[in-house]
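The structure displayed is predicted, hence computed values, not measured ones. Keep in mind that the numbers below use all heavy atoms, side chains included, and drop hydrogens, waters and symmetry copies.
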Protein chains: 2
Amino acid sequence: MRKREDRARSTIYDIAKRAGTSASTVSLVLNGSWQRYRINSDTAARVREAADALGYRTNQRARGLRLSRSSLAGMAIPHYRNRFFAGLAEEFEAQARSRGLCPVVVSTQRDRATERFVIETLLAQQVEMVIVAGVDRPDILNELCALAGIACVNLDLPGSKAPSVVSDNRGGARRLTTILVDEVRARGGDPSQIAFVGGNSGEYATEERLAGFREATAGFALDESRVLRCGYSPATAEALIESWARQGDGFPPGIFVNSITACEGFAAVLRRRLELGQRTSLACFDWDPFAASLPVPIAMMRQDVDRLIGACFELIEREEPCEAAMITVEPTLEIVSAFGTAAG
Amino acid sequence: MRKREDRARSTIYDIAKRAGTSASTVSLVLNGSWQRYRINSDTAARVREAADALGYRTNQRARGLRLSRSSLAGMAIPHYRNRFFAGLAEEFEAQARSRGLCPVVVSTQRDRATERFVIETLLAQQVEMVIVAGVDRPDILNELCALAGIACVNLDLPGSKAPSVVSDNRGGARRLTTILVDEVRARGGDPSQIAFVGGNSGEYATEERLAGFREATAGFALDESRVLRCGYSPATAEALIESWARQGDGFPPGIFVNSITACEGFAAVLRRRLELGQRTSLACFDWDPFAASLPVPIAMMRQDVDRLIGACFELIEREEPCEAAMITVEPTLEIVSAFGTAAG
DNA sequence: TTGAAAGCGCTAACAT
DNA sequence: ATGTTAGCGCTTTCAA
């Protein structure tokens with residue numbers, strides 16, 4: 001299974017020999033600029049023929065070295081396990097390719113050391129740009145890129161050392177919460193008992209969403225003990241929600257689930273305690289087709305992946321420097337399942 | 001935002017100049033082989049000092065060109081939108097990194113042209129190996145790799161031109177179906193009315209799973225009109241299941257959902273017709289935490305991503321050629337929600 | 001209309 | 001113990 005060295009990859013010199021011409025002519029022909037150099041069309045034909053007889057394929061590494069362009073575009077992302085990040089990865093690939101770049105997406109598992117390591121690796125591979133997605137406090141990574149002279153933009157979680165693209169977390173959360181409050185009221189519940197679950201304290205997206213949550217609940221005294229930024233682990237969210245469930249009547253009449261990951265924890269409890277679906281409603285920032293079908297009234301905010309990625313490329317392609325730029329993209333309310341029926 | 005050319009990336013020559021030595025000494029020092037060459041530790045220290053004063057980072061493209069090693073490892077995958085493929089991508093990254101390779105994962109959206117294009121791109125980038133995951137009839141892609149002298153293995157869907165790694169689809173499906181039949185019987189349903197939904201006719205995994213399904217239902221006459229290999233589109237599966245739901249009593253008492261993607265279609269119908277959860281049970285090949293929490297008895301078969309990827313690397317690292325090799329990995333029964341309670 | 005030659009950044013014989 | 005040199009495969013200027 002080892003790479004067979006015998007069938008060595010062919011080079012422009014092999015083609016030149018076979019076509020009875022020189023390497024430079026081959027290069028000219030293969031790059032389409034042979035018209036400009038008025039190369040004989042017979043020669044050109046012979047070259048092309050030889051090239052595909054040999055199954056020639058340009059060595060992009062050599063080409064990149066010569067041109068000091070790699071045609072690689074990098075993106076770092078926490079993981080692929082939810083629709084938001086999966087969508088970002090796929091859309092990044094599509095948009096990179098449409099620009100003639102080869103996309104290189106790498107996941108970091110939200111680990112600081114891994115984040116740094118993958119960015120270093122991307123830079124060593126001479127990527128021409130990098131998108132840093134979902135990294136809390138990305139400044140160090142931005143600086144690494146700046147040092148290498150590589151354009152860099154932050155996505156999802158912003159920083160001050162590079163331009164950033166984010167969803168309208170606050171506005172989206174406000175809309176979501178307003179809907180949730182109405183729903184709870186319609187069901188005769190006490191909106192001051194609505195909970196906020198998931199995300200990390202001090203993290204931009206979480207704090208913005210919490211701010212939106214507070215704006216929409218400003219009309220009454222919120223029970224602060226129900227605001228729990230308990231991270232992104234489904235298990236932690238599950239333990240928390242399970243403990244509420246054990247309280248019986250004390251279970252929140254509505255939950256704002258900050259991140260679909262925490263929502264997994266809710267789903268796990270729901271599986272064991274189906275009656276929760278009669279007693280509570282959910283508002284979740286992020287979308288998932290299965291979560292949308294859980295037997296509980298649920299509203300979901302879907303981030304606009306296409307425009308988020310589009311904005312990143314736009315910032316990168318801008319002529320002027322714009323460290324401070326921050327583009328905000330509106331998310332859309334995707335699913336409101338069973339809301340407003342007042343019965344669950 | 002353009003790349004600033006002023007802060008040109010430093011090279012070993014810059015370091016050599018600053019450290020008052022030569023480029024080769026720098027190279028030797030930076031590659032750790034300076035011990036072997038008995039380079040003065042003062043010189044080595046000066047070199048290292050200069051290197052990080054300049055923020056030096058090896059140009060892997062130049063290095064690769066010289067060594068004819070790229071230290072890139074490629075994998076093509078249909079998409080990232082379910083846990084199976086997301087898991088494959090993440091595990092591939094981890095295992096590639098642990099071998100000192102830079103992982104490059106690209107998605108193809110199950111499109112033939114894109115599949116070919118991304119493989120060509122990976123080869124042009126001189127990747128040292130490629131994993132072709134989830135591609136039906138991967139022979140052409142395997143041949144492209146063989147032509148380039150690059151080791152290649154198929155994952156999930158096998159081919160004859162390269163070794164393959166697959167899950168035990170037949171065995172897994174048999175186990176899953178056996179459980180489903182028991183469940184349907186326990187609920188007083190007619191097991192001959194169990195349906196098989198999703199996947200493509202003629203595709204390896206689908207046919208294997210169908211074979212396992214048939215083995216487990218061999219004891220009675222199956223209603224063949226309920227075997228529907230209707231592809232991977234959630235919308236198609238949704239339309240199909242919705243039409244069954246409209247038949248009322250004709251709804252299958254159990255469904256073998258071949259692929260989590262088709263299961264999304266079921267979830268969508270379930271959201272509108274919650275009563276289906278009382279009347280049917282699901283067996284799904286693949287796992288998703290939200291799907292596992294749907295209000296319907298559901299059994300899920302989770303593929304062993306770590307071992308699948310591990311087997312791929314093992315095949316690639318083998319010394320002997322092994323085109324015909326096919327490694328089978330056992331999946332595990334992950335969730336049996338509400339099964340055996342006979343009430344749903 | 002085409003070929004020779006230089007050089008992108010790096011490594012590894014081979015000299016010294 | 002360290003420097004010189006010759007490429008890896010490609011592009012592009014310049015000369016012919």
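The NZ atom of Lys17(B) sits 12.5 Å away from the CD1 atom of Ile12(B) when rounded to the nearest 0.5 Å.
Counting to the nearest Å, the C1' atom of dG7(D) and the CZ atom of Arg61(A) are 17 Å from each other. Taking atom CG on Leu28(B) and atom P on dA13(C), their separation rounds to 11 Å, with Å as the unit. Atom CD1 in Ile39(A) sits about 19 Å away from atom P in dA16(D), given to the nearest Å. The CZ-C1' distance, from Arg57(A) to dG9(D), rounds to 15 Å in whole Å. Distance Arg66(A) CZ to dG7(C) C1': 6 Å, rounded to the nearest Å. The distance from atom CG of Leu67(B) to atom C1' of dG9(C) is 11 Å, rounded to the nearest whole Å. Rounded to an integer number of Å, the gap from Ile15(B) CD1 to dG9(C) P is 12 Å. When the P atom of dG9(D) is taken as reference, atom CG of Leu54(A) falls 14 Å away, rounded to whole Å.
For Asn59(A), taking side-chain heavy atoms from C-beta onward, the closest of the listed nucleotides dC10(C), dG9(D), dG3(C) is dG9(D).
Phosphate contact (OP1/OP2 of dT11(D), side-chain N/O of Asn31(A), threshold under 4.0 Å): present. Between Ser27(B) and the phosphate of dC10(C), there is no side-chain N or O to OP1/OP2 separation shorter than 4.0 Å. OP1 or OP2 of dG3(D) lies within a sub-4.0 Å distance of a side-chain N or O belonging to Ser22(B). Contact annotation: Arg63(A) side-chain N/O to dT11(D) OP1/OP2 distance is under 4.0 Å. Thr25(B) has no side-chain polar atom (N or O) that falls below the 4.0 Å cut-off from OP1 or OP2 of dA1(D).
At the heavy-atom level, Ile12(B) lies under 4.0 Å from base atoms of the strands shown. Ser24(A) comes within 4.0 angstrom of a nucleotide base, judged by non-hydrogen atoms across all strands.
Residues Ala62(B) and Ala23(B) each lie close to DNA chain D; by heavy-atom proximity, the contact nearer the 5' end of the strand is made by Ala23(B). The 5' end of DNA chain C is approached more closely, in terms of each residue's nearest nucleotide, by Thr43(A) than by the other of Thr43(A) and Tyr13(A). Residues Gly20(B) and Leu65(B) each lie close to DNA chain D; by heavy-atom proximity, the contact nearer the 5' end of the strand is made by Gly20(B).
No salt bridge links Glu323(B) with Lys161(B); every basic N to acidic carboxylate O contact stays at or beyond 4.0 Å. A salt bridge links Glu90(A) to Arg81(B): one of the charged nitrogens lies within less than 4.0 Å of a carboxylate oxygen.
Remark: the Thr114(A) side chain and the Gln109(A) side chain contain no N/O donor-acceptor pair separated by less than 3.5 Å.
Relative to the six-membered ring of Phe313(A), Arg99(A) meets both conditions, a distance below 6.0 Å and an angle of at most 45° to the axis.
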